[in-house]
Each structure stands twice: as structure tokens, then as C-alpha cells.
Visitor: 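One structure coming up, written as C-alpha cells, with questions to follow.
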Amino acid sequence: MKKLLYHLLPALLLSAMPAAALADTSVDSTTIVRFFQDGRTGSTKDFVAPATEFLTLDADKLGDGKLSVHLYGWGRVDLADKSFNNNTFDGSITYAYANYRFDQANAQIRAGRFFVNEGIVNEQVDGLSARTDLPLGFGISAFGGATVHTAHMANESTDGKGDGIIGGRLNYRYKGMLELGVSGVYESDAPHLTSPANIALENEGKFGSHRLVGGDVWFSPHRVFDIMGHTSYNTETKAVAEHSYLLNVRPISNLVLTGEFNEYHNRDMFFSSILFASMVDRLNERSRSIGGRASYEFNKFFELSGDYKHYTRDIGQADRFGGDARLTLLDKTVRAGLGYHYLRSGANFALFPAPNASGSFHEARVYAMHDTKGYFSAIDAIGYFFKQNINGRPSAWEVIGSLGYHITPALALSGDISYGQNPQFVDELKGLIRLTYNMNYASKGGSK
Amino acid sequence: MKRFTMMFPILALAGLLVTIAACAQMKTLPSLPASHPEELAAGRVSCAECHEDQQKGTMKPFANFNHTTAFVKNHRFYASSDDRLCATCHKQAFCSDCHTNQVEMKPSIKYGYRPDREMPHRGDFLTIHKIEGKVDPSSCYRCHGRANNARCIACHR
């Protein structure tokens, strides 16, 4: 499969070139060569230098002007020792699809590999999808095809997904006040597992096929506030998997107040994931989080926000609170940010739960960046300061500096260097070189 | 059964007429533009700076989509029903920089020169995720749940 990808990616690109030359086209290429050395005891990797190419191609206005082709993928080759798994090469096509867009009713048809984000549905599919608005405020979308398989689970010859998938969403909109949606996804039967631990998951009703239905809502009786969210129901476990709702209030134009409520039923939510079903001990638990945020834009240059969230789980309760500030200056060429948060969590949230343990930590971050036509630079520092030492360390921090130069308006060469200390490494020094090419051949309209 | 056989052509005809009427009506329904007519400045945008009314395609006020910190933190709620509006300014790749199945490197490494994008898992998240995963495992599940990321599986067997 991997070999096929390496041949398929360039072949797709080459085949798209002639058509792309006639259309509004954008090409984004990022080549990153990283360098690092793992000096941990027992490490067999002396020097690692993976080179990764990320490629995005968007060709719009093909054919009668309504057809477009989109591709995004990456490939990696290790220039020195193997960087991660047993392969010297690796790669993936994230999406590759043709899209036909109609002039009316937001209608479109899509074919290939694509993502679906509709109501409660979040899937990656090899297949077909279609959507359109309908009269009287209705809208409909549907998709179907093959599931996109990922890495096999340890001790299994499967990723736990069925082979086929269908789904869609039906929605209704009433003026600018209300939107209601019902959506669902049906995946063919999950494969049977072979390792004893995973067989037990199946037998105990903790793992099975991926089948969900749900509803979503957006309601704004007055432009000052709106509420939106969704509830999903697992038809296999016959129970609600998730409630997730957000309230926005805008009492004045520069102030946004939000309130958020989430409730998750672990078994019903993680049912089709071997990884999570096997990892979370208390699958019958209801996790809940409730919180809020206030965000105020003093002017075009300065925004301040504060937030609080309370988590409730069977193993204990936790709170997170803090704030962020953002600064934008000199016609957006200088952007900076500052943030602080504290997670207060009990003994059971610690890395190694014990009566006197703590999972609490402070998080602080500051960054600044400057863009000009010639060069661009950024510095970013983030630190986690633990209430109790982890592996004998009181903190984990990292500073990343980045400097780049626009060789041409489309081509830029940049490099990052980072240094940090954390519970895994006494010193962690990393570097990379990045070559980016962002070309947009558009006849009109803004680049995306 | 005989009654159904008699009724079927009438029902089929009625259905056809409704479908034709609906299709004719659909030609009057507006579409969102394929792309924003003007190039936008770098950094976060405020839709309401230029647009005062409701968006035709979504019938929601533009002010809802101002890219405040609150919007960025909660963008999943908007993307699940209004991704067509997102697509007028953002390429699919913008979403896939973070939301993807098979990840080669942390997004914050790929975009080390764009700290303003607030890519997830900055710094030494390897240590922190052991706490965050217990505080809110569902937040991990949203991206990593069925992706079986090789780096997750390497330890979580």
C-alpha cells in the first residue's frame, strides 16, 4: 500500500498539471528536514534526519468552471537512521477529490477521498458525497463509500473499522433564527478481534460497530445571543454518547461571553475505538465539563479573554482557569500573545495516582512574530510548571525560535531551533530546515 | 392491494410534480460564493467589519463568525453545520493541518513560524497528555479516537 502511495502521489500530480495549467490553481509545498539525536539510555538511534514533503494542490474552475480538484498528502524519507517505525519511507494521502459545485442552492457533488463534517458526523471517506439546499428552508446531504483504514492495532490485523460507510444530514433553517439538523453514520460490521484482551472487549459489549445518529441545533431568537450544539446516540449500545452545547452572548459588539456544557458517556462514545475502549478503565462513566469564557476586543490591536472550566469524572474533579491576551500591531505584521492557565486536579489525575499525588500544573506561554516582505521571524516559549515533580523534574519548558527569508514572493526558506528541558530529557535540542512554496494562479478573487 | 395499484400512478405523478416544483424552486435559492471576492489581510478577520447583515447562504449574522478567541476555541460548533461558509476563505488544507488521520509531525512543528495559529500540543505535551487524558479523555477522542495514530499505538496497546 505504501509503495502504491509513493507512485500514486506523483502520478496524480503529473496528471493534474495540464488541467491545472488552464485553471485557477494554487500549489502549496512545504519540505521539512528535521535533525535530532536521541541520547537516551537504550536508544539505538544515533542520528535521525527525516525529510518530509507536504503537498497541496487546488485546481479550481476546471471544465465549465464549476469543477475543481483538491489534493493534500505527505511523504517522508529518512536520510539517516529510521526516524520512527520500521519503514524508511512513509506517506499518506489526506484527501484527493473532485468537487462539482452548482450555481444554485449550495449544491455540490464530491468524489474521491474527503472528510465529512456534518452535524454529529466526522469521517474520512473514499467515496461519493452530495449536498444541496432545498425549498422551504430544508437542506440535505449524503455520503457513502469505503472507510479509510489506518494503522493496525497492536496484536491485531485490523484497525477495528468496518469496510463500508454511509451517512448524511437533513436540516431545516427558519429565517435567521433557527437551524435544526438530524444526522447519522452507519459503518458496516466491525471486524472480529483476535487478541484475548480485545476479544474480552467484544464479549463484554465494550467494542463494536460504528453507528451513530444525532441531532444538532442553532437557535438565535435575538442577535445578542445564540445557542448551538449537538447530541449523539449510539444505536449499538442504545444509549446517548454525547451532549455538547455552546451559548454565545454578545451584549456589546466587542464583548463575547460563552458558556459551554459537555457530557460524555464513555462506553457509548468510545464503543467503535479499540484504542479508547481498551484504554479507559471506567467505561460506564459519565464525564462532564461545564465552563465559560469572556472575550473582549479593546480595539483592533488588543484582545483579552478569560476562561474557566470545571470537569467532573468518577475519579475526581478538576478545574482549569486562566486568560489570554493578543496584540496585533503595524498593519498585522507584528502579532504577539500571552497566556496563563492553571489546571487544578486531584490525586487520581496524577501520572501515578497515589493519596498524596497531584495532577495540577501551571501553563504559561508567550509568543511574538514579525512578517515582512523580505523576512519573517517568530519566537514562542511555553512552560508547564508542576505542583509536584514528575520524574524528579519541576517543569517542562521549551523555547522555539524561527527565522525565514522570502527568496521570491512564493518561495521561502526558514529554519527553526528549539531548546527545552522536561521529564523525558535533561536537554532537548531540535532543529529543522523548511522550504515552502505557495503559489496562487487565480484570475480573480482572494486566495484562501 | 388492488386499491394500492390504482393509487400508485396518482401518487407517483403527485411525487413527480412536487419534485419538479421543488427543483424549479431550487434555482432561486442562492449559493455562497466559491471564494471571498477580495483577498483578506493576514491574521484573524472580523467579518462584521465589512458585513452588517446576515449571510445569505447560512442565514446567520456575520458577527457570529468574527474570529475572536472565543470563536477560535469553539470553531468545531460552527464547522459542523457551516463548513461551506468556512470554505469561502479557507482551503480544506487549512483544516487538515490539524484534523487528519495519519499525522507525520505535530502541526506546531510544521508551522513553527506561525505561533499565532495556536496549533495543538505545543511544548512537551508528551508529559502533559498523561494528565489531560485523564481529565477529559473525550477531547483526545475527537481527533485520535478512530485514527489509530501510530504514535498512540506505540505505547497504548
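In the text below, chain A, chain B and the rest are named by the order of the sequence lines, each starting its count at 1.
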Visitor: Between R365(A) and E118(B), does any NZ, NE, NH1 or NH2 come within less than 4.0 Å of an OD or OE carboxylate oxygen?
Guide: no

Visitor: Is there a side-chain contact between R84(B) and R101(A) (heavy atoms, below 4.5 Å)?
Guide: no

Visitor: Taking atom OH as the centre, does Y174(A) end up with more than 12 heavy-atom neighbours from other residues, nucleotides or ligands that are less than 6.0 angstrom away?
Guide: no

Visitor: Where on M279(A) is there a heavy atom nearer than 4.5 Å to chain B: the side chain, the backbone, both, or neither?
Guide: side chain

Visitor: Examine the side chains of Y72(A) and D97(B) and answer whether a donor and an acceptor come within less than 3.5 Å of each other.
Guide: yes

Visitor: Would you sort out whether Q102(B) and T94(A) count as a side-chain contact (heavy atoms from CB on, under 4.5 Å), showing the intermediate values?
Guide: CA-CA 8 Å; Q102(B) 200 175 336; T94(A) 307; over 6 Å; no

Visitor: Heavy-atom pairs under 4.5 Å with chain A - which of K130(B), K73(B), R122(B) has more of them than the others?
Guide: R122(B)

Visitor: Counting only heavy atoms closer than 4.5 Å, note whether I128(B) contacts chain A via side chain, backbone, both or neither.
Guide: side chain

Visitor: I'd like to know if D82(B) pairs up with R173(A) as an ion pair, taking the criterion as any Lys NZ or Arg NE/NH1/NH2 lying under 4.0 Å from an Asp or Glu carboxylate oxygen.
Guide: yes

Visitor: Measure distances from N348(A) to the heavy atoms of chain B and classify the residue's part below 4.5 Å as side chain, backbone, both or neither.
Guide: backbone

Visitor: Can you tell me if T69(B) and R326(A) form a side-chain donor-acceptor pair at under 3.5 Å?
Guide: no

Visitor: For chain B, find which of S295(A), S402(A), A105(A) contributes the most heavy-atom pairs closer than 4.5 angstrom.
Guide: A105(A)

Visitor: Quick one: closest heavy-atom pair of V148(A) and N101(B), and the distance?
Guide: O-ND2, 4.3 Å

Visitor: With a 4.5 Å heavy-atom cut-off, do Y264(A) and Y141(B) have their side chains touching?
Guide: no

Visitor: Let me know if K161(A) has heavy atoms under 4.5 Å from chain B in its side chain, its backbone, both or neither.
Guide: both

Visitor: Which bit of L136(A) comes within less than 4.5 Å of chain B, counting heavy atoms only: side chain, backbone, both or neither?
Guide: neither

Visitor: Between chain A and each of R142(B), H144(B), M105(B), R114(B), count heavy-atom pairs under 4.5 Å; write down the option with the most.
Guide: M105(B)

Visitor: For residues K134(B) and P353(A), determine if any side-chain heavy atom of one lies less than 4.5 Å from a side-chain heavy atom of the other.
Guide: yes

Visitor: Flag yes if more than 12 heavy atoms outside R223(A) fall under 6.0 Å of its CZ atom; otherwise flag no.
Guide: no

Visitor: Begin from the C-alpha positions of M228(A) and Y78(B) and carry the test side-chain contact (heavy atoms from CB on, under 4.5 Å) through to its verdict.
Guide: CA-CA 8 Å; M228(A) 65 186 84; Y78(B) 300 87; 3.6 Å; yes

Visitor: Under 4.5 Å from any heavy atom of chain A, what part of C140(B) do you find: side chain, backbone, both or neither?
Guide: both

Visitor: Can you say whether H149(A) sits under 4.5 Å from chain B via the side chain, the backbone, both, or neither, judging by heavy atoms?
Guide: neither

Visitor: Quick check for you: to the nearest 0.5 Å, what is the distance between S35(B) atom OG and D60(A) atom CG?
Guide: 7.5 Å

Visitor: Might you point out which heavy atoms bring D124(B) and A396(A) nearest each other, and give the distance in Å?
Guide: OD2-CB, 3.4 Å

Visitor: Pick from N66(B), V103(B), I109(B): which one has the most heavy-atom pairs with chain A under 4.5 Å?
Guide: I109(B)

Visitor: Quick one, N122(A) and H99(B) - any side-chain contact, counting heavy atoms below 4.5 Å?
Guide: no

Visitor: Considering only heavy atoms and a distance below 4.5 Å, find which of G123(B), P115(B), A147(B), G145(B) pairs most often with chain A.
Guide: P115(B)

Visitor: Of the backbone (N, CA, C, O) and the side chain (C-beta and beyond), which part of E428(A) lies under 4.5 Å from a heavy atom of chain B, both, or neither?
Guide: neither

Visitor: Is it the side chain or the backbone of S273(A) that comes within 4.5 Å of chain B heavy atoms, both, or neither?
Guide: both

Visitor: Under 4.5 Å from any heavy atom of chain B, what part of M269(A) do you find: side chain, backbone, both or neither?
Guide: both

Visitor: Need one label for L134(A): side chain, backbone, both or neither, based on atoms under 4.5 Å from any heavy atom in chain B.
Guide: both

Visitor: Let me see the working for W218(A) and F77(B) under side-chain contact (heavy atoms from CB on, under 4.5 Å), right down to the final yes or no.
Guide: CA-CA 9 Å; W218(A) 178 80; F77(B) 288 100; over 6 Å; no

Visitor: Which answer fits L403(A), side chain, backbone, both or neither, if we ask what part of it has an atom under 4.5 Å from a heavy atom of chain B?
Guide: neither

Visitor: With respect to chain B, which residue among F102(A), Y296(A), F349(A) yields the maximal number of heavy-atom pairs within a distance under 4.5 Å?
Guide: F349(A)

Visitor: Report yes if some heavy atom in the side chain of E242(A) is under 4.5 Å from a heavy atom in the side chain of S138(B); otherwise report no.
Guide: no

Visitor: Within the side chain of Y113(B), is there an N or O that forms a donor-acceptor pair under 3.5 Å with the backbone of G401(A)?
Guide: no

Visitor: With only heavy atoms counted, which part of T436(A) is less than 4.5 Å from chain B, the side chain, the backbone, both or neither?
Guide: side chain

Visitor: Determine the minimum heavy-atom distance between S96(B) and F115(A), stating which atoms define it.
Guide: OG-CE1, 3.8 Å

Visitor: Verify the distance criterion only: is there a donor paired with an acceptor across the side chains of T68(B) and E297(A) at less than 3.5 Å?
Guide: no

Visitor: Do S81(B) and E179(A) make a side-chain contact, defined as non-hydrogen atoms from C-beta onward lying under 4.5 Å apart?
Guide: yes

Visitor: Any side-chain donor paired with an acceptor under 3.5 Å for K110(B) and T52(A)?
Guide: no

Visitor: State, to 0.1 Å, how close T127(B) and L351(A) come at their nearest heavy-atom pair, and which atoms those are.
Guide: O-CD1, 4.1 Å

Visitor: Side chain, backbone, both or neither: which part of S345(A) has an atom under 4.5 Å from a heavy atom of chain B?
Guide: side chain

Visitor: For R76(B), is there an ion pair with E260(A) - N to carboxylate O distance below 4.0 angstrom?
Guide: yes

Visitor: So L275(A) and R146(B), do their side chains get closer than 4.5 Å, heavy atoms only?
Guide: no

Visitor: Which of the residues R250(A), K66(A), E398(A), E123(A) is involved in the greatest number of heavy-atom pairs with chain B at under 4.5 angstrom?
Guide: R250(A)

Visitor: Would you mind checking which part of S244(A) comes under 4.5 Å of any heavy atom in chain B, side chain (CB onward), backbone (N, CA, C, O), both or neither?
Guide: both

Visitor: When you compare the side chains of N64(B) and N248(A), does any donor N or O come within less than 3.5 Å of an acceptor on the partner?
Guide: no

Visitor: Between H210(A), Q108(A), E118(A), which has the largest tally of heavy atom pairs under 4.5 Å with chain B?
Guide: H210(A)

Visitor: If you take all heavy atoms of L29(B) and P135(A), which pair is closest and at what distance?
Guide: CD1-N, 4.0 Å

Visitor: Answer with side chain, backbone, both or neither: which region of K300(A) has an atom nearer than 4.5 Å to a non-hydrogen atom of chain B?
Guide: side chain

Visitor: When you measure from the side chain of Y311(A) to the backbone N and O of D136(B), does any donor-acceptor pair fall under 3.5 Å?
Guide: no

Visitor: Relative to chain B, which of H230(A), M153(A), Q104(A) shows the most heavy atom pairs under 4.5 Å?
Guide: Q104(A)

Visitor: Can you tell me if S31(B) uses its side chain to pair, donor with acceptor, with the backbone of D103(A) under 3.5 Å?
Guide: yes

Visitor: Could you check whether any side-chain heavy atom of P137(B) comes within less than 4.5 Å of a side-chain heavy atom of R313(A), counting everything from C-beta outward?
Guide: yes

Visitor: With a 4.5 angstrom heavy-atom cut-off, could you sort out which part of A70(B) is near chain A: side chain, backbone, both or neither?
Guide: both

Visitor: Do side-chain atoms of R335(A) reach the backbone of D116(B) as a donor and acceptor pair under 3.5 angstrom?
Guide: no

Visitor: Can a salt bridge be assigned to the pair E132(B) and R320(A) using a cut-off of 4.0 Å between side-chain N and carboxylate O?
Guide: yes

Visitor: If you count heavy-atom pairs under 4.5 Å between each of G337(A), G181(A), G119(A) and chain B, which one has the most?
Guide: G119(A)

Visitor: Where on D83(B) is there a heavy atom nearer than 4.5 Å to chain A: the side chain, the backbone, both, or neither?
Guide: side chain

